[in-house]
Amino acid sequence: MSTRLSSAEDYASLIDKYDTWMFDCDGVLWHGDRLIDGAVDVLRLLRDRKKSVLFVTNNATKSRKSYKGKFDQLGVEAHVDEIYGSAYAAAVYLSSVIKLPKDKKVYVIGMAGLEEELRDEGVSYLGGTDPADRTLEPFSLANFVLDESVAAVLCGLDTTINYTKLSKAFQYLTRNPGCQFLVTNEDSTYPSADGLLPGAGAVSAPLRFALGKDPVSIGKPASTMLDCIKAKVNYDTKRTIMVGDRLNTDILFGKNGGISTLLVLTGITVEDDITGPNPSSIIPDYVTQSVGDLNKAAKY
């Protein structure tokens, strides 16, 4: 059973209980380019009380450096080493976990931010934002030259997804022996400023169907993302909390990692998902309407 927070004492007690605060971003701190009311004040309150603040997002369209630009634009204090995106985690996974040989490449379905993180980790890639792959011309196998050095296909959110990219990825995954199928995350949707749009999970779905196999997922709720954070940050799981808007990513991520969870209802998950006739089996430790509610603890 989740604890529903309401009083100023509830929020003050919660802040006292945890030293490390991990936040999802879209749907928790902002919607698109619109801040959630009170979000900036909450982060300032936590920092004033010497709490460690981390941002853990499945957004794979931006590198950490460019993501910091969004924080700056919105007036949210954040440092690059506090930001953990699935693009960064995917690059670290390739370079440090499976240790992709230097003579091997990754075929990317994704955007510039994903490419930037791969470059920073010394991972060679093709595809991505290459104009040759953004064509609307019909794909022809007769004109396709297989690059035998491609050892993995990495799929993230790609707003210029097309048949050519899917076809090339399919060729590498079926014709290059041992080629690994990786996705930055499996979010079915993501919340934009004006409503929900298909997410990275929807982009990779055609490949999953065509291949008849599931990929290795790197972002939340997979433990790979938490392993990436653990390698950089020393925190006590018993005094760490994950704040998110989505049960099957943010909250499950916390549960899988043995850390506490706070669900906010300003994003994907709605009240009916936790209290309706068919509630989710993923139960957050705490629930509040908005992250801004934590400001009620300011007078304590």
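As a basis for the values below, the full set of heavy atoms in this structure was taken, side chains included, without hydrogen atoms, waters or symmetry mates.
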message = Is the shortest side-chain heavy-atom distance between T261 and K255 below 4.5 Å?
response = yes

query = Who are the side chain to side chain contact (heavy atoms under 4.5 Å, CB included) partners of K296, not counting sequence neighbours?
reply = A8, Y11

Side-chain donor-acceptor contacts of residues 209-219 below 3.5 Å, not counting sequence neighbours, with atom names and distances?
unit_1: D214; atom_1: OD1; unit_2: R208; atom_2: NE; d: 3.4
unit_1: D214; atom_1: OD1; unit_2: R208; atom_2: NH2; d: 3.0

key: Of all pairs that satisfy ring pair (Phe, Tyr, Trp, His ring centres under 6.0 Å), the ones with a partner from residues 245-300, not counting sequence neighbours   = none

key: D236 backbone acceptor or donor facing T240 side chain under 3.5 Å   = yes

ask   = Who pairs with F144 by ring-ring contact (aromatic ring centres under 6.0 Å, His included), at least two apart in sequence or on another chain?
value = F139, Y172

Donor-acceptor pairs under 3.5 Å, side chain of residues 31-39 to any protein atom, not counting sequence neighbours: which ones?
unit_1: H31; atom_1: NE2; unit_2: T266; atom_2: O; d: 2.4
unit_1: R34; atom_1: NH2; unit_2: A193; atom_2: O; d: 2.6

ask   = Which one of D24, N256, D187 satisfies the side chain to side chain donor-acceptor pair (under 3.5 Å) criterion with K220?
value = D24

inquiry  = Filter on ring pair (Phe, Tyr, Trp, His ring centres under 6.0 Å), then keep only pairs touching residues 40-60, sequence neighbours left out; what's left?
reply    = F55-F71

Remaining members of hydrophobic cluster (4.5 Å side-chain criterion), M111 = none

task = Only counting residues at least two apart or in another chain, list the ones meeting side chain to side chain donor-acceptor pair (under 3.5 Å) with T269.
result = none

query = Are L46 and I15 close enough that some pair of their side-chain heavy atoms sits under 4.5 Å apart?
reply = yes

task = With sequence neighbours excluded, tell me which residues meet ring-ring contact (aromatic ring centres under 6.0 Å, His included) with F23.
result = none

Ring pair (Phe, Tyr, Trp, His ring centres under 6.0 Å): pairs with one or both residues in residues 75-104, sequence neighbours excluded = none

remark   = The remaining residues in the hydrophobic cluster of L196, counting side-chain heavy-atom contacts under 4.5 Å among Ile, Leu, Val, Met, Phe, Trp and Tyr, are I268

For Y125, all residues meeting side chain to side chain donor-acceptor pair (under 3.5 Å), sequence neighbours excluded = R119

query = Taking R64 for the side chain and E82 for the main chain, is one N or O donor matched with an acceptor at less than 3.5 Å?
reply = no

